[in-house]
Amino acid sequence: MKKLVIVGGGNAGTLLANLLAGKLDITVIEPNDYHIYQPGLVDFMLGELNEDAIKRPTGALLRLSIKWIKSKAVKIIPEDRTVITEDSKKYEGDYLVIATGGTNKDMFKLRGYHTLDEGKTIRELIENPKGKNFVVGSLPGVIKCPAAPWEISFLIKRKYPEANVNIIVPVKQPPQLQVPMFNLFSKIASSLGINVITGFTITNVDYEKKLIISTEGEKINFDNLTLDTPITTNFTDLADKSGLIPVDKETLTFKDGVFVIGDANNTPTPKTGASAHFQTEIVANNILSEIEGNKSREKYRGEAMCAVYAGPKSGALVWLNYEKSKALGPSTMYYYMKKTFTYMYWASLYGSIDIILKPMFSYLSKNN
Ligand SMILES: Cc1cc2nc3c(=O)[nH]c(=O)nc-3n(C[C@H](O)[C@H](O)[C@H](O)COP(=O)(O)OP(=O)(O)OC[C@H]3O[C@@H](n4cnc5c(N)ncnc54)[C@H](O)[C@@H]3O)c2cc1C
């Protein structure tokens, strides 16, 4: 049996292992005991879900034949399809897949919201705000789920209607593919009374005076600050200038037999669970195609999707691929879609909800 080594047992790594279980000899290297459903961190931070709803033991999500190595990879040698872990063990595969996600850049001592511990700090801040002035947003660069800061601002305003909520958008004009999302979210923000500040690139955060300062000298006061920073891969020796690992954007190949899926790669598509999911399916299919020879190869076309809470019982849906995008809603349907996915996520890690996801994507891509 061919050997597959997967580095990272998050959204993409777990799905890939489960899709190929029984067909290859699979090893997953993942240091964490628990897998977190990251989109659910938003519900968690707002006090709408508890910890148990968004976490599951790592081992319980992997099919029985998969070997889980509870350790951290410290070196990846793509030429040899080899990984070295922190305890100096070496794992070599016929195939190597890097699915290590992204890590927040350390900037201005800002706290991110990608882990459960970070989510707990922000939950505490939102439950016990230090004043009525909230500033939410991101710094320039590739962040996890660009819709998340908007969603957080919508939910804070919903929780504290009297609060002064500002959302910082670092660019003046979003890239073409993000225009439908930007226009819809700006409309929702305005209907909720949220102040949208575009083109604000932070050059300093003054925690004493509670000010963020832009490169152009503009200042914004905050009592409560939640700003996301761009992500990079920890494997900097493999990264390009973007800080992420370069791949062929259709096959997700880094080198022969080495693939990078999910947030860790430099595909020009938003870093979302949906893109991680669809990239994983492409790589799983193409590995099987090579081994079994009875399947045709597939290409990833940049598909990504994100449902967000937009207000009381109201939600929005953003869909895109490498060529086009659309933003739908607000509507009650997308609100419940987002709520329901918290429970469906765990099944999605086995590929079990593709029966719903695939026709939905096909419908969205055809109807403009
Ligand atoms: C607050 C928030 C809201 C979001 N909302 C949405 C949403 O509404 N819709 C959506 O589609 N997406 C959303 N996302 C994005 C989505 O969660 C990510 O895009 C998705 O989890 C990426 O999957 P991944 O497998 O690439 O990375 P991850 O799921 O982050 O997994 C990476 C794994 O690699 C492991 N790892 C890291 N370094 C090493 C190492 N050195 N050795 C071994 N293992 C390692 C980590 O422990 C982790 O388990 C959101 C994210 C956040 C934070």
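Start at 1 and go down the list; that is how both ligands and their atoms are numbered.
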In terms of ring plane angle, is the pair F154 and F185 parallel, tilted or perpendicular, where the classes change at 30° and 60°?
-> perpendicular

In terms of residue, atom name and distance, what is the protein heavy atom nearest to atom 26 (O) of ligand 1?
-> D263 N, 2.8 Å

In ligand 1, which numbered atoms sit nearer than 4.0 Å to a non-hydrogen atom of N32?
-> 47 (O)

The atoms of ligand 1 lying under 4.0 Å from a heavy atom of P31, numbered in the order shown, are 43 (C), 44 (N), 45 (C)

Is it true that K23 and E292 make a salt bridge, defined as a side-chain N closer than 4.0 Å to a carboxylate O?
-> no

With heavy atoms of M305 as the reference, note each atom of ligand 1 found under 4.0 Å away.
-> 11 (O)

Could you tell me whether K271 approaches ligand 1 through its side chain, its backbone, both or neither, with non-hydrogen atoms closer than 4.0 Å?
-> backbone

Does Y309 have its ring centroid less than 6.0 Å away from the ring centroid of Y335?
-> yes

Using a strict 4.0 Å cut-off to heavy atoms of G262, name the atoms of ligand 1 that fall inside it.
-> 26 (O)

What's the shortest distance from atom 49 (O) of ligand 1 to any protein heavy atom, and which residue and atom give it?
-> E30 OE1, 2.6 Å

Are the charged groups of K219 and D206 less than 4.0 angstrom apart, N to O?
-> no

Got a salt bridge between D87 and K72, using NZ or NE/NH1/NH2 to carboxylate O under 4.0 Å?
-> no

Atoms of ligand 1, numbered as shown, that sit under 4.0 Å from any heavy atom of G8 | 34 (O), 35 (C), 44 (N)

Can you find a non-hydrogen atom of F235 under 4.0 Å from ligand 1?
-> yes

Can you find an N/O atom of N11 closer than 3.5 Å to an N/O atom of ligand 1?
-> yes

Which bit of Y113 gets closer than 4.0 Å to ligand 1, counting heavy atoms only: side chain, backbone, both or neither?
-> both

Under-4.0 Å heavy-atom contact with ligand 1, by part of A307 that carries it = backbone

Is K55 atom NZ crowded by more than 12 heavy atoms from other residues, nucleotides or ligands, each under 6.0 Å away?
-> yes

Hey, is R301 close enough to E250 for a salt bridge, meaning N to O under 4.0 Å?
-> yes

Carboxylate-amine/guanidinium proximity below 4.0 Å for E48 and R123 | no

Which of the atoms of ligand 1 are close to G10, meaning less than 4.0 Å from one of its heavy atoms?
-> 25 (O), 29 (O), 31 (O), 33 (C), 49 (O)

With K109 as the cation and Y207 as the aromatic partner, state whether NZ or CZ is under 6.0 Å from the six-membered ring centre and within 45° of the axis.
-> no

Return the residue, atom name and 0.1 Å-rounded distance of the protein heavy atom closest to atom 50 (C) of ligand 1.
-> C145 CB, 3.6 Å

Pick whichever of N104, T100, I69 has a heavy atom sitting closest to atom 37 (C) of ligand 1.
-> T100

Ligand-side contact atoms (ligand 1) for residue partner A99, heavy atom cut-off under 4.0 Å | 32 (C), 33 (C), 34 (O)

Side-chain ion pair, R297 and E290, N-O less than 4.0 Å = yes

Inter-residue atom distance T233.OG1 - L244.CG, 0.5 Å rounding | 7.0 Å

Polar proximity ligand 1 side, G273 side, N/O cut 3.5 Å exclusive | yes

Would you mind checking which non-hydrogen protein atom is closest to atom 40 (C) of ligand 1, with the distance to 0.1 Å?
-> A73 N, 3.7 Å

List the closest protein heavy-atom neighbour of atom 13 (C) of ligand 1: residue, atom name, distance to the nearest 0.1 Å.
-> P39 CG, 3.5 Å

What is the nearest protein non-hydrogen atom to atom 7 (C) of ligand 1, stated with its residue, atom name and distance?
-> C306 SG, 3.5 Å

Residue part near ligand 1, for A12, under 4.0 Å between non-hydrogen atoms = both

Compute the ring centroids of Y345 and H35, then answer whether they are less than 6.0 Å apart.
-> yes

Of the protein's non-hydrogen atoms, which lies at the shortest distance from atom 8 (O) of ligand 1, and what is that distance?
-> K338 NZ, 2.8 Å

N/O to N/O below 3.5 Å, does that happen between E151 and ligand 1?
-> no

Residue pair N104 / D228, side-chain donor-acceptor N/O under 3.5 Å = yes

Using a cut-off of 6.0 Å, state whether more than 12 heavy atoms not belonging to K132 lie near its atom NZ.
-> no

What is the closest protein heavy atom to atom 30 (O) of ligand 1, and at what distance does it sit?
-> Q38 NE2, 2.9 Å

Proximal ligand 1 atoms for A274, defined as those under 4.0 Å from one of its heavy atoms = 11 (O)

So, are R81 and D256 salt-bridged, with charged N and O less than 4.0 Å apart?
-> no

